[in-house]
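A short write-up of the structure that comes next.
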Protein chains: 2
Amino acid sequence: MVTTSGGSVFYGSPYRADCPTRRILDRIGDRWTVLIVGALWDGDVRFSELRRRVEGISQKMLTQTLRALERDGLLVRRTVHPEVPVRVEYALTEAGRTLREPLRALEEWSIVHLTDVSASQDAYDRADRRDG
Amino acid sequence: MVTTSGGSVFYGSPYRADCPTRRILDRIGDRWTVLIVGALWDGDVRFSELRRRVEGISQKMLTQTLRALERDGLLVRRTVHPEVPVRVEYALTEAGRTLREPLRALEEWSIVHLTDVSASQDAYDRADRRDG
DNA sequence: CGGAATCCCACTAGATACTG
DNA sequence: CAGTATCTAGTGGGATTCCG
């Protein structure tokens, strides 16, 4: 499993842009996706409630990101209740729920290392000012 | 550990943009970072060799991404050998190496699920054409 | 060889206004 | 309530040129 096209970044060369890691990052690396996935964790959530939970998101980006997740099959059951006024609920699919573990691994790394990263950045920027 | 500012997406509300997961994705979610990290996995690599390993990267983006990694402290030992012509080698730090596990978790999820994601996208797009 | 500087384009995402 | 449509500023990243 070493050199097939589109191969892994870590299991073998080459380091192609269509490697699995890059492809998943293309889906979840944007500004809002993981926040929405997090906000959907505890079950069905209405559009307006989602908008409240995900601080700072615009209506456009919420709609757009939800549509992309629906298309991916990561979020399903966009349920439209034909009441008046209309009620729409969103919930994660099983596939979406399996994303939790890898995301949590990433999150734990962040919690452990992000302080060091910030410190390193500060040191780097200070050195920058000294050297020129 | 529920409602502290900048809190986790999964360990508690709110779902703020400065949550750890979002912050790490801001660092590694771009087009080239994980490819470069992968290309640096087996030790010291020269600039020109990196450029060959990471297919399609421009000189500007390679330099820019390496500088960002260096600043983060994820990649260190940018070693300049003052020969003629000059030789510069890059290698991951220990912190950078610890990124492997979370990235591999993400990669494995991708390998398992990306086929389903593509199938779901196709189905979604076909339904789109039917429904108008 | 290993960059830095500049120009330029495509795309992301926010703001705003309107609708079933 | 839950969207859609349009406009626009900001940014990521490629191509090109020049430098120690």
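Letters go in sequence order (proteins before strands), and every chain restarts at 1.
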Subject >> Check ion pair R22(B)-D26(B) (N to O, under 4.0 angstrom) >> reply: yes
Subject >> Spacing between R87(A) atom CZ and dG3(D) atom P, to the nearest angstrom >> reply: 13 Å
**OP:** Before giving the answer on salt bridge (Lys or Arg N to Asp or Glu O under 4.0 Å), spell out for R77(A) and D44(A) the whole-Å C-alpha distance, their side-chain angles and the decisive distance to 0.1 Å.
**Re:** CA-CA 9 Å; R77(A) 238 185 26 216; D44(A) 290 43; 2.8 Å; yes
Original post:
Given atom CD of E70(B) and atom C1' of dG3(C), what is their separation to the nearest angstrom?
Top reply: 13 Å
Polar pairs (N or O, both sides) under 3.5 Å between protein and nucleotides 14-17 of chain D?
{"unit_1": "dG14(D)", "atom_1": "OP2", "unit_2": "S58(B)", "atom_2": "OG", "d": "3.1"}
{"unit_1": "dG14(D)", "atom_1": "O6", "unit_2": "K60(B)", "atom_2": "NZ", "d": "2.3"}

Subject >> Atom pair distance, as rounded to whole Å: CG in D26(A) and P in dC11(C) >> reply: 14 Å
Original post:
Cationic tip of R97(A) within the cone over W41(A)'s six-membered ring, i.e. under 6.0 Å and within 45° of the normal?
Top reply: yes
Original post:
What pair of heavy atoms forms the shortest contact from V45(A) to A39(A), and how long is it?
Top reply: CG2-O, 3.7 Å
**OP:** Could you tell me whether the side chain of S120(B) and the main chain of R71(A) form a donor-acceptor pair under 3.5 Å?
**Re:** yes
**OP:** Round to a whole Å and report the spacing from CG of L62(B) to P of dC1(C).
**Re:** 14 Å
Subject >> P85(B), nearest nucleotide to its side chain (from dA4(C), dC1(C), dA2(D)) >> reply: dC1(C)
Original post:
Is V88(B) touching bases, backbone alone, or none of the nucleic acid, heavy atoms closer than 4.0 Å?
Top reply: sugar-phosphate
Original post:
Separation of E89(B) atom CD from dC1(C) atom P, in whole Å?
Top reply: 14 Å
Subject >> Rounded distance in Å - CZ (R27(B)) to P (dG12(D)) >> reply: 11 Å
Subject >> salt_bridge(E107(A), R104(A)) N-O dist < 4.0 Å >> reply: no
**OP:** Let me know the distance between CD of Q64(B) and P of dG2(C), rounded to the nearest Å.
**Re:** 19 Å
Original post:
Any side-chain N or O of R46(B) less than 4.0 Å from the OP1 or OP2 oxygen of dG2(C)?
Top reply: yes
**OP:** Could you tell me whether the phosphate oxygens of dG2(C), OP1 or OP2, come under 4.0 Å of any side-chain nitrogen or oxygen in R78(B)?
**Re:** no
Subject >> Donor + acceptor pair across side chains of T98(B), E94(B) (<3.5 Å) >> reply: no
**OP:** In whole angstrom, give the distance that lies between atom CG of L66(B) and atom C1' of dC1(C).
**Re:** 15 Å
